[in-house]
Amino acid sequence: DVNPNYRANLGEDIRLTSSLIYTHNLKISNYQDPINPNFENRILSEVGDPTDEFRFDVDLGLGDVTIGYRLRFIGSQVISAYEDLYPLNGQQPGNLDFADVLKVPAITYSDLRFEWNIDNKVGPADSLRFYMGVDNVFNQHPPLGMMATGAGPGAVGSAGAYDVRGRTFYAGFRARF
């Protein structure tokens, strides 16, 4: 995992904040056979356990206003059990003709947020905050028609990492007393 952050004051009332959280998985496997403890059930790169995944956030503050952007990336994954498509444990792939499409493609999601902090001269400087935003700006749906609520397309893994709702608008406020 890597988690660099950067903050800078670009001017009198201009701030830039950014953060990256990147994960590269090296190995995710289960060893479930007590008679043969070296028999591997590889989970890495099955749906819900991509090899690569990241989230990048950047905020630009202009006085009492902040504009934020988030980019989420989920790497490609195999559509079925890893062992169906690749040799493992000295055995040949178990089900190469399982489907026409063998991998779930990589996907990105983009989110935007706007905040306005109002100084009410009574409490903390950000005691009243209005915000609004759009999640999944480009209306990306889960790949291959997944419902993103349970198992992946080959009935393995977890498709819960995907955004099932599509583009979502929201607005609200926060008040501190």
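Counting begins at 1 with the first residue of the sequence. A quick note: this is a predicted structure, and the numbers were derived from the prediction, not measured.
More than 12 heavy atoms of other residues, nucleotides or ligands sit less than 6.0 Å from atom OH of Y22.
Annotation: ring-ring contact (aromatic ring centres under 6.0 Å, His included) contacts of F73 (sequence neighbours excluded): F54.
Taken from CG in D49 to CD1 in I74, the straight-line distance is 11.5 Å, to the nearest 0.5 Å. Rounding to the nearest 0.5 Å places OH of Y31 at 4.0 Å from CD of E40. M132 contributes atom CE, which lies 9.0 Å from atom CZ of F169 (distance to the nearest 0.5 angstrom). Note that CG of D84 and CG of L96 are 8.5 Å apart. Values are rounded to the nearest 0.5 Å. The CG atom of L62 sits 13.0 Å away from atom CD of E12, with the distance rounded to the nearest 0.5 Å. Rounding to the nearest 0.5 angstrom, the gap separating the CG atom in N41 from the CD atom in E46 is 6.5 Å.
In summary, D57 and R55 engage in a salt bridge, as defined by a charged side-chain N under 4.0 Å from a carboxylate O. Salt bridge status for R113 with D135: absent, with no side-chain N to carboxylate O gap under 4.0 Å.
Panel note: side chain R72, backbone E53; no donor-acceptor pair is recorded below 3.5 Å.
Counting only N and O atoms by type, the side chains of S45 and Q77 include no donor and acceptor under 3.5 Å apart. Between the side chains of N117 and R129, a donor-acceptor pair is found at a separation under 3.5 Å. For T66 and D59, the side-chain atoms include no donor-acceptor pair closer than 3.5 Å. Y82 and R42 share a donor-acceptor pair across their side chains, judged by distance under 3.5 Å alone.
Other residues sharing a hydrophobic cluster with Y131 under the 4.5 Å side-chain heavy-atom criterion for ILVMFWY residues are Y170.
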> side chain to side chain donor-acceptor pair (under 3.5 Å) between S110 and Y69: does it pass, once the steps are laid out?
Replying inline: CA-CA 7 Å; S110 293; Y69 173 75; 2.8 Å; yes
>> Please determine whether side chain to side chain contact (heavy atoms under 4.5 Å, CB included) holds for the pair I107 and Y162, giving the CA-CA distance in whole Å, both sets of side-chain angles, and the decisive distance to 0.1 Å.
In response: CA-CA 9 Å; I107 192 167; Y162 296 102; 3.6 Å; yes
